[in-house]
Participant: 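The structure is given below, and queries will be raised subsequently.
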Amino acid sequence: MDPNAREVDMIWLTAQVFLPLAVAVLLLIVPGRFRELLRWLALFGCAATLALSLCLWVDYYHRVLEYRSDRSVSSMYHPDSRLDARVEHQQSLTAKPVPGPFLSIDLVTIRPWISQFDVNYALGVDGLNLLMVILTSLVTMLAVAASWKIDDRVKGYLVLILTLESGVIGAFLSLDLFLFYVFYEVMLLPMYFLIGMWGGGRRKYAALKFVIYTLAGSVCLLAAMIALYTVNVRDFVDQNVVLRQDEEMARRDPSLLILEAKGRIEVHSFDIVTLSKVGRAAMLVLTNQEHRLAVRGVGKDEPHQPAANGSVELFAPGVDREAALARLKASPVCNRTFQYVIFALLFVGFAVKVPIVPLHSWLPDAHVEAPTPVSMILAGVLLKLGGYGLIRIAFPLCPWAAAELAWWIGLIGAVGIVYGALVAMGQTDFKKLLAYSSVSHMGYVVLGLASWSSADNSQYWEMGVNGAVYQMLAHGITATALFFVVGVVYDRAHHRELNQLGGLTEPMPVYTGLSAILFFASMGLPGLCGFVGEFKVMMAAWAFSPPLAVTAILATILTASYLLWAWQRAFLGVNEKTKGYPDVSAREFVILLPLVLFAIALGLFPSVLILSWVEPSVAGWVENLAPLK
Amino acid sequence: MTELGLTHFLILSAFLFACGLLCIATKRNAVGILMGVELVLNAANINFVAFTRYLPGFRIEGQVFAVLVIVLAAAEAAVALAIILNFYNNRGTVDVDQANDLKG
Amino acid sequence: MVESLAEYVPQSLAMILAALAAAGLVFGFIGTSTFLFIWAERKISGRIQDRLGPTRVGKFGLLQSLADGIKLVTKEDFVPTGADRLLFRIAPYVAFCASFAGFIALPFAEGVVAQPLNVGAFFLLAVLSSEVFGVLLAGYSSANKWSLFGGVREAAQVVSYEVPRSLCVLVPICIAGTLNLNTIARQQEGWFWNWYVFHDPFTFLAFVIFFIVATASCKRAPFDLAEAESELVAGFLTEYSGMRWSYFFLAEYASMFAVSGLASLLFLGGWHTGLLPFEPAERFGPLFGNLVDVGVFITKGSLLVLVMMWMRWSLPRLRIDQVMLTCLKYFLPISCGLLIGVCVWQLYMPKVLAEGVRVVLAVGFVVAAIVVVLSAARLKPSPQLSGAFTKP
Amino acid sequence: MPEFLREVPGRLFLVATLLPLFAFAVLLAAGTVRRFRSPLPGYFASFLLAVAASCSVIGLSWFLQDAESLRDQSKAMAARWGERVEWLHLGGWKADARPARSIDLGYRIDHLTALMVTMVTVVGTLIFLFSLGYMKDEQAEVEDHHAHVRRRGRFGRFYLYLSLFAFSMLNILIADNLFQIFVGWELVGVSSFFLIGFYTERRSASTAANKAFIVNRVGDAGLLVALAVAWFHVGSFNLDELFAKAAHLPADAILLLGLGIFCGCAGKSAQVPLHTWLPDAMEGPTPVSALIHAATMVAAGVYLVGRCWVLFTPDVLLVIAYLGAATMILSALVAVVQTDIKRVLAYSTCSQLGFMMLALGLGAWTAALLHLLTHAFFKALLFLGAGSVIHGLHHEQDLSKMGGLRRKMPVTAYTMFVGVLAIAGMPLLSGWYSKELILSHVIGSAAADGVARPLLTFLPFLTAGLTSYYMFRLWFLAFAGEPRDRHLFEHAHESPAVMTLPLLVLAAFSVGVAWGWPVWSVESSQLAKVLHHAQPPVLDVKYHAIHGKAEEHHLLTTALALGVAAFGFAVAIARHRAGTLLTPPRPAVLAQVLRKKFYFDELYAAAFTQPTVELAKLSAAADKRPDVRPFNLRSLDGVLNAIADSLVALGTVVRRLQTGQLRTYILALGLTLAAGLGILLRLSR
Amino acid sequence: MNLDFVLFTILATLIAASAVGVVSSATIVRSAVFLLFTLIGVAFLYFLLGAEFLGATQLIVYVGGTLVLVVFGGMLTTAGPFNVLRTKTAEWVLSGSVAAGVFALLVSISLQLGARPTSTGDIPGPGPLGMAFLTTHLLPFEIVSVHLLVVLIGAAYLARAKKKAGSP
């Protein structure tokens with residue numbers, strides 16, 4: 001690999017994360033009375049972020065295509081798409097700056113940040129989070145455009161939105177638990193103010209509830225993070241690190257024998273990739289498959305060609321396998337309770353964000369009270385963070401517990417689907433209905449993730465994860481758009497009561513047409529974006545557990561019911577009150593149109609547009625975990 | 001025990017500390033409490049200086065800390081007195097029992 | 001002294017003995033000098049006020065102080081009703097002990113010091129500043145509002161003036177690079193332009209300010225707001241009588257000499273004459289040399305004390321707000337500036353130039369002083385005063 | 001002919017499929033342009049569909065030639081008449097692991113497909129043409145008499161939906177895989193939804209639309225299950241692969257697969273118990289009823305059952321047969337008492353679909369699909385005729401107000417009479433061929449197995465009689481006799497040529513579409529012969545005996561069928577003479593039951609709809625209650641709030657510890673210190 | 001039994017006795033006087049230990065500055081002559097037992113600590129101390145300086161004469 005690539009990655013990723021923040025700082029300088037200027041600046045900032053992420057995407061896609069078309073490397077294009085391979089390479093570079101040849105389509109940067117606590121400034125892009133980053137920047141841009149009508153404290157509002165964007169993108173991109181946590185919290189505060197200051201009638205209650213829930217979740221996360229930090233990962237990191245520590249220790253205490261010192265060395269890490277290796281190793285131990293644990297070959301830059309004999313190469317090169325295994329078995333990470341607790345903590349932490357059913361109570365309040373653009377961001381982006389966290393952190397870090405509990409998780413997902421749909425059906429508030437529909441839709445994400453299939457059926461799981469990712473994207477598009485749809489009608493009616501709406505078709509035909517597409521996209525109509533994810537999840541869930549799949553399938557009826565019912569109540573019929581409403585303005589049209597086009601395009605060409613470059617990453621992810629079971 | 005050693009100073013300091021604690025706990029006059037604090041700080045200082053004397057690793061550090069403590073004690077006294085005066089201006093007393101605005 | 005004693009008696013006993021001897025000497029010096037200073041004060045005040053002062057007891061009224069002392073000792077030790085008896089009683093001792101303790105570290109000559117201390121200057125300042133405590137207690141415990149006013153004024157004044165005083169002390173210390181008074185004095189050996197007062201304009205000013213501030217911290221007029229007869233009856237002294245009253249005076253005169261001694265040590269070459277470019281103790285043998293040194297030192301100190309008296313009877317008393325204002329608004333910033341100035345001077349002034357300035361300053365001052373004295377000598381005494389010199 | 005069509009002539013059908021999609025896209029884009037309601041969209045869409053129809057006709061002829069010339073070269077045939085393209089790639093990224101799986105999109109043309117596409121496009125074109133006249137009002141502002149509002153015309157929107165429908169329907173037909181069929185399945189559902197709810201102002205319309213979509217979704221859920229089974233057990237949705245591997249599937253899987261597919265079909269084809277939406281769907285404009293709810297979409301279920309016949313186990317087939325029979329007889333009975341002209345036709349459609357399903361269940365594959373084709377023509381004819389009547393009567397649909405209309409609108413009347421005759425099974429008309437085939441199969445299977453399933457044997461004949469009765473009843477009520485509503489009659493008029501022309505064409509088709517030589521022989525029907533090529537080969541083997549028996553009892557069947565039809569006609573004419581066609585049947589209970597359509601709607605409302613809505617309201621309440629009382633434990637939100645409240649209560653207790661007294665704090669501090677020291681001591685020991 | 005020990009005993013007795021006096025004095029100024037003796041005793045303890053600079057600092061800052069301030073404050077805030085605020089006996093007992101407990105624990109820790117081998121040596125004078133402040137311990141030094149500045153401003157602000165509404 002080009003040695004400059006490291007720097008380039010660093011610059012790209014950092015810019016991607018901090019560009020919105022920089023724009024926010026710029027906005028702070030501009031005096032508050034130039035409202036139009038502020039708005040345009042914020043919009044340009046968001047557009048620049050989007051452009052940046054699209055550049056990343058073009059580059060990424062280009063490389064995917066290149067590798068795929070180049071048959072000579074076809075055997076290795078897959079491993080290269082796995083973030084962990086790249087991270088390993090990068091880590092060994094940090095330990096010992098000797099760049100070796102390496103091919104990768106992912107972007108990774110790792111710099112020491114707080115070296116006392118082994119915290120790294122580690123950012124990385126693979127298909128999974130690139131998708132989320134693009135979604136984030138798109139949704140944020142549209143949200144800023146949708147905020148044009150907000151006149152109250154514009155400056156603070158825009159600054160907060162941009163900060164939020166930085167936080168979200170940072171959380172999506174970070175590969176270090178600590179960094180992730182920091183960004184996760186960074187995101188929380190702007191959201192609190194956005195809901196609490198620009199929200200509706202019960203905004204303070206909603207904002208407080210949001211914060212308490214999210215904080216409860218992040219406390220779980222923090223606890224899990226700290227517990228994982230206590231794990232000794234010395235056998236999983238580059239051995240140069242261990243060597244250096246050994247020398248350091250011997251230098252500090254000359255009475256210690258080198259060997260003795262070596263035995264005592266403990267390396268701790270917040271690094272997600274390293275910790276996931278530990279998790280996998282623990283899973284092998286816990287399932288009595290420790291004979292499959294193996295040491296990776298030295299100097300093998302293309303990692304993890306899955307070995308024919310089923311061995312899983314997790315230990316770093318140069319590790320004494322027996323000693324490492326003994327150390328591993330003695331450490332608490334191989335304790336069932338430990339695994340369960342950590343997984344439960346992580347799961348709960350992200351479940352709050354997803355939100356998964358008993359923990360979803362903040363969502364309707366927050367959505368209902370938040371101003372339209374904030375609802376868009378909340379539904380379109382923030383919920384995705386939960387799902388993304390499950391994929392990127394909860395599952396890989398505790399695969400054993402995840403596998404053990406998979407059915408229950410799937411059940412929770414299925415229950416969420418049904419429950420969300422039922423509650424949505426019982427709503428009369430348009431926005432609340434959409435909020436609960438989010439609960440229902442995100443249930444598919446959980447179900448898709450949970451469909452842990454064993455090694456033989458791993459394609460199904462891969463399909464499920466793919467479906468989950470796609471569902472997140474689709475929900476991001478449709479929920480954003482639908483919240484905006486509600487916002488449009490709210491601007492005219494100043495209420496969201498479904499029973500008092502109705503008859504919008506006639507005065508607002510264009511609006512109705514666009515909304516119809518979005519409604520059906522949300523319903524999962526084939527040819528629109530909602531279908532692909534749901535379909536894949538259902539197919540995968542069948543392979544995992546037919547009852548759950550049947551639940552999910554039957555839930556589509558409920559989904560159709562509540563959405564159509566809402567559709568009927570809001571758009572159809574005759575209503576004197578709505579007769580004079582103007583159709584969508586040019587600005588509203590411009591905001592809705594891209595979302596509608598995306599909803600259609602993503603439904604028609606999921607593979608070309610998204611999956612062809614996301615799937616390698618998902619495949620790598622699944623391939624890490626699936627063979628363990 | 002006849003040879004002067006660290007223990008003696010530590011015990012003296014402990015006594016001073018206990019007196020300070022008792023003083024803070026029993027005085028109702030805010031200024032009296034301040035004096036108790038001074039006693040406690042002095043107890044700490046005695047320890048520092050004794051360590052300076054008897055532990056080779058503390059030759060400088062003990063003194064540095066003692067100096068800092070003295071300086072901070074002075075500052076603390078100044079601020080505390082300012083607060084007490086303010087309190088006195090508002091309430092007409094320095095009885096700390098009257099200063100219960102923090103009551104839960 | 002301890003070493004020589006230790007040859008005959010055990011070490012600890014030798015130390016105790018030496019300490020006792022030193023204490024005795026210091027106490028004796030304080031007592032004697034106080035007697036003399038009180039006499040001098042009365043004489044000077046008399047002269048300045050165009051009268052003769054004490055003349056009856058002894059030659060020139062020299063024994064007047066003794067007579068007063070006897071009177072005071074025989075007076076009733078009176079504690080007013082309602083006073084805090086304990087505090088009332090110990091207040092004079094506190095004040096006196098503080099002044100007395102100042103002499104512990106005050107070297108009269110090379111090695112002639114009760115307890116040589118590395119941080120002598122600092123110690124001296126420290127103990128002298130605690131004299132205020134006695135005054136404060138006296139004011140408080142007298143159960144008299146004039147006394148209380150006096151005490152509180154004293155406290156405010158002394159605590160404030162302590163700051164510029166310390167800062168001014170730091171000026172020569174910055175040049176000397178030590179807190180040891182002995183060493184500081186030794187560094188000013190030789191001609192008088194080696195005195196720190198002439199070291200540079202900053203030290204010169206520092207000396208002036210130090211002297212004023214020291215006067216104030218000895219609660220001497222025109223800064224004697226604690227007594228302020230015209231306002232507070234006698235301030236903190238109102239309820240005192242007899243021995244206790246005299247302890248306050250002992251303390252006052254002792255501390256006057258102490259600060260004067262400190263001034264001469266820091267600025268005026270200590271026990272060096274300034275006219276002999278060598279150390280007398282080395283040239284004339286330890287005993288005689290030291291005697292000369294002690295004499296020179298006491299002379300210098302006494303001269304400064306006399307200047308204080310001169311000031312007392314020449315200047316009117318300030319108001320308390322003026323006193324505080326003078327300190328906080330003028331002396332404090334000026335002394336800070338002096339400290340910075342002297343540091344900058346030392347760091348950046350070329351050697352030659354510095355030497356030149358020093359000599360010019362010293363010689364100029366001396367010439368100016370001589371001119372002033374000569375012109376003053378030519379002045380005729382006033383007709384009213386002239387009558388005083390003639391026998392009635 | 002362009003080269004790409006000559007190489008792969010199957011693309012003709014692809015073009016035919018995509019042309020309506022193109023129309024849809026163009027109209028959708030145009031929809032954002034405001035005030036778009038000139039007649040242009042109609043001409044545009046109709047023209048494109050006409051082109052599609054010609055494509056498919058050409059395609060059909062080419063295909064039939066090819067089928068002759070390449071009879072034994074299945075591979076070449078498959079290459080010329082089918083293509084696939086990868087749509088979604090799944091798994092299999094590694095070189096060494098399991099093969100990749102993909103969801104493909106593709107088409108495969110066989111005889112059935114070719115015929116169906118042709119039928120759909122031709123009928124569709126005619127209906128599009130008809131709609132140009134029928135929907136003419138929509139080109140300007142419209143006064144909606146039902147909802148009492150003036151509104152903009154929706155001419156363009158109508159064709160938008162119709163085009164989408166045409167595309168989706170064709171997509172189902174040409175698809176070579178279950179997935180694509182499912183996609184089409186949903187899409188026809190949604191276009192049907194929009195068309196039923198076309199008059200958005202009418203609450204009944206939008207409710208009917210919702211009902212249609214949701215009931216269809218129930219069916220689709222079954223189809224999804226089938227898809228899941230197929231994906232899990234076969235790893236592909238491709239129909240050919242499914243057929244090939246069907247025999248090796250586990251028993252429960254194949255059972256589930258069959259049931260799932262049938263469930264989808266039942267939803268689409270309005271089979272009991274999912275039939276309730278179809279009559280309600282008549283809320284849509286009449287051409288829609290003709291196109292979607294008579295000729296094509298509802299036929300898709302039958303088509304799919306026919307398509308996937310191989311996948312059904314005998315058990316499933318039996319289920320299909322019984323449900324078909326139930327649908328058939330129940331709908332026929334209900335149709336007898338209906339007075340709404342479209343509803344009669346709707347129930348008739350239901351009944352006929354049940355007839356087809358029954359046939360499929362019994363193994364009369366060719367017959368069923370032949371009936372599907374013929375039924376499409378004459379039912380479209382009937383519906384369009386009804387549309388013409390409604391149009392002529394200014395949107396009056398009630399039969400009880402009609403009568404004697406043949407004098408006012410003769411073309412409509414007589415073309416419709418052809419339709420009635422066809423559906424009643426008048427010999428030599430298209431309906432006769434297919435019905436005869438089915439009935440003979442019924443008799444055949446009864447003869448072969450003994451009368452093992454008497455219901456399946458007798459009900460078809462009963463239904464045939466009923467069909468004859470109610471269809472004639474309809475015609476008599478509408479066109480014969482004296483007008484019952486003078487006013488209406490006065491203003492009635494014949495429809496314009498753009499509407500009658502399709503009627504005439506369809507009438508022609510209804511008469512002759514199934515002809516062969518000799519005309520009077522049912523077996524010689526040309527259409528049936530073509531269809532027979534598409535019949536799964538296994539059928540011939542399995543049902544050989546039955547076919548034999550059917551041949552044997554052919555004459556008996558003919559006689560019986562004609563007999564019952566004639567009986568029905570006789571009753572109808574008798575009652576017409578007596579003027580009692582509108583009087584309800586005698587036992588009042590029966591009349592009530594029939595009028596209430598066997599209480600299906602009420603049953604569903606009680607069993608499913610209401611409980612679901614109640615459950616929804618309950619869950620909504622259980623999730624969040626509007627009143628924010630402390631310690632409201634009856635909702636999730638309440639429980640959470642209660643937790644918060646109890647924490648607050650705890651806080652009020654704990655805050656007493658904060659006395660505000662400095663000395664208390666110091667004591668606490670001292671105690672803490674003592675405790676800390678104690679611990680330190682303990683530890684250092 | 002050497003001189004150091006004797007001196008220590010004397011000083012310790014002085015310190016302890018006056019500390020007790022601080023606690024037990026009823027009036028605030030008496031407490032202050034006892035505190036004065038304590039502080040002076042501590043200062044001389046420093047001299048005894050050889051930490052002359054510290055001793056002098058203790059004298060100048062504590063005795064000359066802090067304590068005067070404290071007394072000053074006490075005088076300013078005493079409502080009447082020799083005002084006494086008494087505490088309940090129960091509180092005395094409670095506080096006393098806590099203090100006694102802490103003392104006992106501290107003593108036992110001191111005995112443990114003191115039992116460890118110690119070494120004596122000369123304490124560095126003001127020179128090294130100053131160097132330490134300007135080099136290795138610069139940060140705390142600076143922090144304290146800033147702290148003092150803040151205290152200066154803060155105390156001035158807190159104690160400033162507040163203009164009563166209506167008064168010029």
Side-chain angles (χ1 to χ4, degrees), chain A residues 74-75 77-78 305-306 358 361 364 419 422-427 436 458-460 462-463 466 503 505-506 509-510 513 520 525-527 531-532 535-536 538-539 541-543 546 549-550 553-554 556-558 560-562 564-565 568 571-574 583 589 606-607 611-612 615-616 619 623, chain D residues 28 31-32 34 86-98 101 147-149 151-152 182-184 186-187 190 193-194 197 200-203 205-207 209-210 213-214 217-218 220-221 224-225 227-229 231-232 612-613 615-624 636-637 640 644:
Chain A
S74 66
S75 62
Y77 66 72
H78 173 217
Q305 290 290 349
S361 189
Y419 181 82
L422 275 177
V423 179
M425 200 186 279
Q427 299 302 323
Y436 280 108
S458 64
Q459 306 112 299
Y460 293 107
E462 189 183 322
M463 193 171 181
N466 255 324
T505 325
E506 195 49 31
V510 175
F520 281 95
L525 189 77
F531 170 68
V532 184
F535 182 74
K536 288 179 129 184
M538 288 170 195
M539 295 298 115
W542 184 274
V550 168
I553 287 170
L554 290 180
T556 58
I557 302 169
L558 285 176
S561 312
Y562 73 76
L564 288 182
W565 200 18
Q568 186 186 12
F571 288 87
L572 307 183
V574 187
D583 206 343
F589 184 71
S607 198
L611 289 173
S612 56
E615 229 235 313
E623 192 202 299
Chain D
L28 188 67
T32 56
R34 299 202 181 174
E86 189 181 283
W87 181 66
L88 205 62
H89 191 95
L90 288 164
W93 284 84
K94 287 167 289 193
D96 58 340
R98 294 159 300 277
R101 285 185 177 179
H148 310 293
V149 281
R151 58 168 174 81
R152 287 192 205 115
F182 176 77
V183 171
E186 289 269 302
L187 287 178
V190 79
F193 166 82
F194 279 119
T200 55
E201 283 76 14
R202 302 180 193 166
R203 197 168 166 73
S206 52
T207 314
N210 280 0
F213 194 86
I214 291 165
R217 267 261 159 152
V218 176
D220 294 351
L224 263 178
V225 170
L227 282 166
V229 173
W231 184 250
F232 184 61
T612 312
V613 173
L615 187 64
K617 286 189 175 146
L618 210 67
S619 338
D623 194 73
K624 210 174 268 295
L636 179 64
D637 212 37
L640 294 165

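Protein chains get the first letters and strands the later ones, always in sequence-line order, with residue 1 at the start of each. Predicted, not measured: the structure shown is a model, and the values here were computed from it.
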Participant: Please find the pair of heavy atoms, one from D:Phe213 and one from A:Ala560, that lie closest to each other, and give the distance.
Facilitator: CE2-CB, 3.9 Å
Participant: If you count heavy-atom pairs under 4.5 Å between each of D:Gly184, D:Ala228, D:Ala221, D:Ala209 and chain A, which one has the most?
Facilitator: D:Ala228
Participant: Give a yes or no answer on whether the side chain of A:Glu506 reaches the backbone of D:Arg152 with a donor-acceptor pair at less than 3.5 Å.
Facilitator: yes
Participant: Measuring heavy-atom distances to chain D, does A:Phe571 have an atom under 4.5 Å in its side chain, in its backbone, in both, or in neither?
Facilitator: neither
Participant: Counting only non-hydrogen atoms closer than 4.5 Å, does A:Ala543 touch chain D with its backbone (N, CA, C, O), its side chain (CB onward), both, or neither?
Facilitator: both
Participant: If every non-hydrogen atom of A:Pro526 is compared with every non-hydrogen atom of D:Val183, which pair is closest and at what distance?
Facilitator: CB-CG1, 3.5 Å
Participant: What's the shortest heavy-atom distance between A:Ser361 and D:Asp637, and which atoms?
Facilitator: OG-OD1, 2.5 Å
Participant: Quick one: are D:Leu88 and A:Lys536 in side-chain contact, heavy atoms under 4.5 Å?
Facilitator: yes
Participant: If you count heavy-atom pairs under 4.5 Å with chain A, which of D:Glu186, D:Arg202, D:Lys617 comes out on top?
Facilitator: D:Glu186
Participant: Report yes if the side chains of A:Thr556 and D:Asp220 come closer than 4.5 Å at any heavy-atom pair, otherwise no.
Facilitator: no
Participant: Could you tell me whether the side chain of A:Phe535 reaches within less than 4.5 Å of the side chain of D:Trp231, counting heavy atoms only?
Facilitator: no
Participant: Considering non-hydrogen atoms only, spot the tightest contact between D:Leu636 and A:Pro358 and give its length.
Facilitator: CD2-O, 4.2 Å
Participant: Does any heavy atom of chain D fall under 4.5 Å from the side chain of A:Pro546, the backbone, both, or neither of them?
Facilitator: neither
Participant: What is the minimum heavy-atom distance between A:Leu525 and D:Arg217, and which atoms define it?
Facilitator: N-NH2, 4.4 Å
Participant: Would you give the length of the straight line joining atom CD1 of A:Ile557 to atom OG1 of D:Thr612, rounded to the nearest 0.5 angstrom?
Facilitator: 9.5 Å
Participant: Using a 4.5 angstrom heavy-atom cutoff, name the option from A:Trp565, A:Tyr562, A:Tyr436 with the most pairs to chain D.
Facilitator: A:Tyr436
Participant: Tell me, do D:Asp623 and A:Leu422 make a side-chain contact under 4.5 Å, heavy atoms counted?
Facilitator: no
Participant: For each of A:Ile553, A:Val550, A:Val532, tally heavy-atom pairs with chain D at distances under 4.5 Å, and name the one with the top tally.
Facilitator: A:Ile553
Participant: Only pairs of heavy atoms separated by less than 4.5 Å count here; which of D:Leu187, D:Leu28, D:Thr207, D:Leu224 has the most with chain A?
Facilitator: D:Leu224
Participant: So which heavy atom on A:Phe531 is nearest to which on D:Phe182, and how close?
Facilitator: CE1-CE2, 3.4 Å
